[in-house]
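This report refers to the structure that appears directly beneath it.
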Amino acid sequence: MQSVDLIETEIPVADVQLGMNVVRLDRAWTETDFPLQGFIVRSADDIQALQEQCESVFIEGRVFYRERLAKTTQSRLGKSGSKSASEPQRQVSYINKIAFDEELGNAMQSFHTCRNLARNILDTIRLGRVIDLNEIRPAVKGIVASILRNHSALLWLTKIRNKDDYTAEHSMNVCVLSAAFGKHLGLGDKELEVLALCGLLHDVGKIKVDESVLNKPGVFTPEEFEHMKLHPVFGRQILAGINRLEPIAVDVAHSHHERMDGSGYPRGLQESQIPYFAKIVAVVDAYDAITGHRVYDSAKSSKQALDILYKCRGTQFDDELALEFIRFIGIYPPGALVELSSGEIALILESHVVTRLRPKVLVVRNSVKQRCREKVMDLMSLNVEGSTPITILKEWPNGSFGIDLTTYLEQGLKLKRHDSANAEDVVNCFK
């Protein structure tokens, strides 16, 4: 169960991060140099000014009360206590309000740096060399910083796909998606950096898999599948030899294919034996794999991927985390390619808080699926009493009808992510 409230939370100025919405100070505004009663922290200079003039500030945030996560959080942090699993736990997720277009430049720089790093990591392992953590940590920190400012920008960039570089790009996407999902779960920034690192390194063992098996376009033979199932073991062997690497990164590489019902590999662990971060990465790993082009399968839509996560919750995936991920991604996330009841093809621009199934869209193909003059339509405004309603029939994978989301991103399309209100409605669509 979960409920959400908007609050103002007082935090020390040392904990202020870029993108936070400062709504009050620990003193009168007139006693400071800040001209407005409320502002968004947009630069290091803003943070320094706050540190020089205040001891604490009040930040706008969301409070999540979850029952089941009380137990998993204690497990994640290695803590024990008297709280029962059914006692609601309070988790704060700060609202970051830097706009998509403001963050896109920083996000693109962090994304390309980390994507190149993912390729270099695989090349380094292939050559028998040791991974340099001094190179990896700043790149991961940059990813998390961008996620904390506005995660939409980086999530859009994960839609850029290259079929010939799947393993590196998949590792990069899992890094980004894990950090963004961790933010949704209310993890702290240090935990997010560790989780993002786990996502980046979770599949390094694939570099030791025979290329004829790794790149096989057809169905594996039983022998080939047994060989592929060794990649978590290879990953553990590779990462265990790296000094100063967090042990949880080794555990995630070794455990991200374990299942809640004990049928996973390589060790057949039970639910209670699987690390919390490995459960998170398992959900993210599956979602990105399903929505991406693989050598043995074409990309599926976000809705299809979320359907699979929902159906496999409690058996393959942690039940609570699967539902939370569905809430996080949403029914029709910005960037989704959809077919309307009019036959037209459109990109989702923005979802409305109340009428989530009637978003604002950009029409990019006409009713016979041909190029047309692009136009913005608000399905909520069109679906008024007495008019013929226009609805969404289905979602299509990126690349359908010759439409590449990368093109629109490069053209500077300003897209906004839907609000997370009415999250239960999202989950209900998958029942």
Side-chain angles (χ1 to χ4, degrees), residues 114-133 135-136 158 160-178 197-242 245 247-259 262-269 274-275 277-279 281-300 305 308 312 316-317:
C114 211
R115 186 168 63 173
N116 290 334
L117 178 61
R119 296 187 182 113
N120 292 339
I121 289 172
L122 298 180
D123 290 339
T124 297
I125 297 171
R126 189 179 291 111
L127 294 172
R129 299 173 182 171
V130 178
I131 297 172
D132 185 3
L133 287 178
E135 183 181 14
I136 295 176
T158 62
I160 301 175
R161 305 279 188 170
N162 185 338
K163 294 182 181 180
D164 298 326
D165 202 10
Y166 174 79
T167 300
E169 291 197 348
H170 173 63
S171 297
M172 174 65 222
N173 290 350
V174 173
C175 169
V176 171
L177 284 164
S178 295
L197 180 66
C198 291
L200 183 65
L201 299 177
H202 82 287
D203 256 354
V204 294
K206 285 186 176 178
I207 204 66
K208 298 294 186 181
V209 174
D210 189 284
E211 287 193 9
S212 65
V213 175
L214 186 64
N215 299 321
K216 183 178 179 180
V219 178
F220 290 146
T221 65
E223 294 78 15
E224 290 169 337
F225 185 50
E226 289 302 314
H227 179 59
M228 174 60 78
K229 286 165 61 177
L230 290 175
H231 81 266
V233 177
F234 297 149
R236 179 183 181 279
Q237 294 170 349
I238 292 167
L239 298 180
I242 301 176
L245 178 64
I248 187 59
V250 182
D251 290 340
V252 169
H254 197 200
S255 307
H256 67 281
H257 282 294
E258 300 290 352
R259 296 187 173 193
S263 67
Y265 62 86
R267 292 174 289 170
L269 298 182
I274 305 172
F277 278 10
K279 294 177 181 178
V281 170
V283 172
V284 173
D285 173 49
Y287 175 81
D288 186 71
I290 295 168
T291 55
H293 289 282
R294 294 166 286 176
V295 292
Y296 56 87
D297 198 6
S298 58
K300 292 180 172 58
I308 293 171
C312 296
Q316 182 173 350
F317 307 110

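Just so you know, residue 1 is the first one in the sequence shown, and it goes up from there.
Between the side chain of His227 and the main chain of Asp210, a donor-acceptor pair closer than 3.5 Å is present.
Taken to the nearest 0.5 Å, the CG atom of Leu239 stands 6.0 Å off from the CG atom of Leu245. Here the straight-line distance linking atom OG of Ser255 with atom NZ of Lys279 works out to 11.0 Å at 0.5 Å rounding. Between the NE2 atom in His257 and the CG atom in Leu269 there is a gap of 13.0 Å [rounded to 0.5 Å]. Between the CG atom of Leu230 and the CZ atom of Phe225 there is a distance of 10.5 Å, given to the nearest 0.5 Å. One finds the OH atom of Tyr287 at 7.5 Å from the OG1 atom of Thr158 (value rounded to the nearest 0.5 Å). His170 contributes atom NE2, which lies 5.0 Å from atom CG of Asp203 (distance to the nearest 0.5 angstrom).
Counting all heavy atoms, side chain and backbone alike, Ala305 lies closest to Thr291 at CB-CG2, 3.7 Å. Taking both residues in full, the closest heavy atoms of Pro232 and Pro266 are given as CB-CD, 3.9 Å, listed atom of the first, atom of the second, then distance. Across all non-hydrogen atoms, the minimal contact from Leu197 to Ile136 is CD1-CG2, 3.5 Å. Between Phe317 and Ala286, the shortest heavy-atom contact is CZ-CB, 3.5 Å. Of all heavy-atom pairs spanning Ile238 and Gly205, the tightest one is CD1-CA, 4.2 Å. The two atoms that bring Thr124 and Ile131 nearest to each other are CG2-N, 4.2 Å, heavy atoms only.
Counting heavy atoms from C-beta outward, Asp251 and Ile274 have side chains that stay 4.5 Å or more apart. Two residues are said to be in side-chain contact when any heavy atoms from C-beta on lie closer than 4.5 Å; Tyr265 and Glu258 fail this criterion. Residues Glu169 and Arg119 meet the side-chain proximity criterion, which asks for heavy atoms closer than 4.5 Å. Looking at Leu177 and Asp288, their side chains come closer than 4.5 Å, going by heavy atoms from C-beta outward. Contact annotation: the side chain of Val176 approaches that of Met172 to within less than 4.5 Å [non-hydrogen atoms, C-beta and beyond]. With contacts defined as side-chain heavy-atom distances shorter than 4.5 Å, the pair Ile308/Ile290 qualifies. Using a 4.5 Å heavy-atom threshold, the side chains of Ile121 and Ile125 count as touching. Contact annotation: the side chain of His254 approaches that of Arg267 to within less than 4.5 Å [non-hydrogen atoms, C-beta and beyond].
In this structure, a donor-acceptor pair under 3.5 Å is absent between the side chains of Asp285 and His256. In this model, no donor atom of one side chain and acceptor atom of the other lie less than 3.5 Å apart for Ser171 and Arg115.
In terms of the salt bridge (Lys or Arg N to Asp or Glu O under 4.0 Å) criterion, Arg129 has no residue partners (sequence neighbours excluded). With sequence neighbours excluded, the residues forming a side chain to side chain donor-acceptor pair (under 3.5 Å) with Asp123 are Arg126, listed by chain and number.
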Full working for side-chain contact (heavy atoms from CB on, under 4.5 Å) between Lys208 and Val233: CA-CA 10 Å; Lys208 298 294 186 181; Val233 177; over 6 Å; no
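Among residues at least two apart or in separate chains, salt bridge (Lys or Arg N to Asp or Glu O under 4.0 Å) pairs with a member in residues 219-242 are Lys216-Glu224, Glu226-Lys229.
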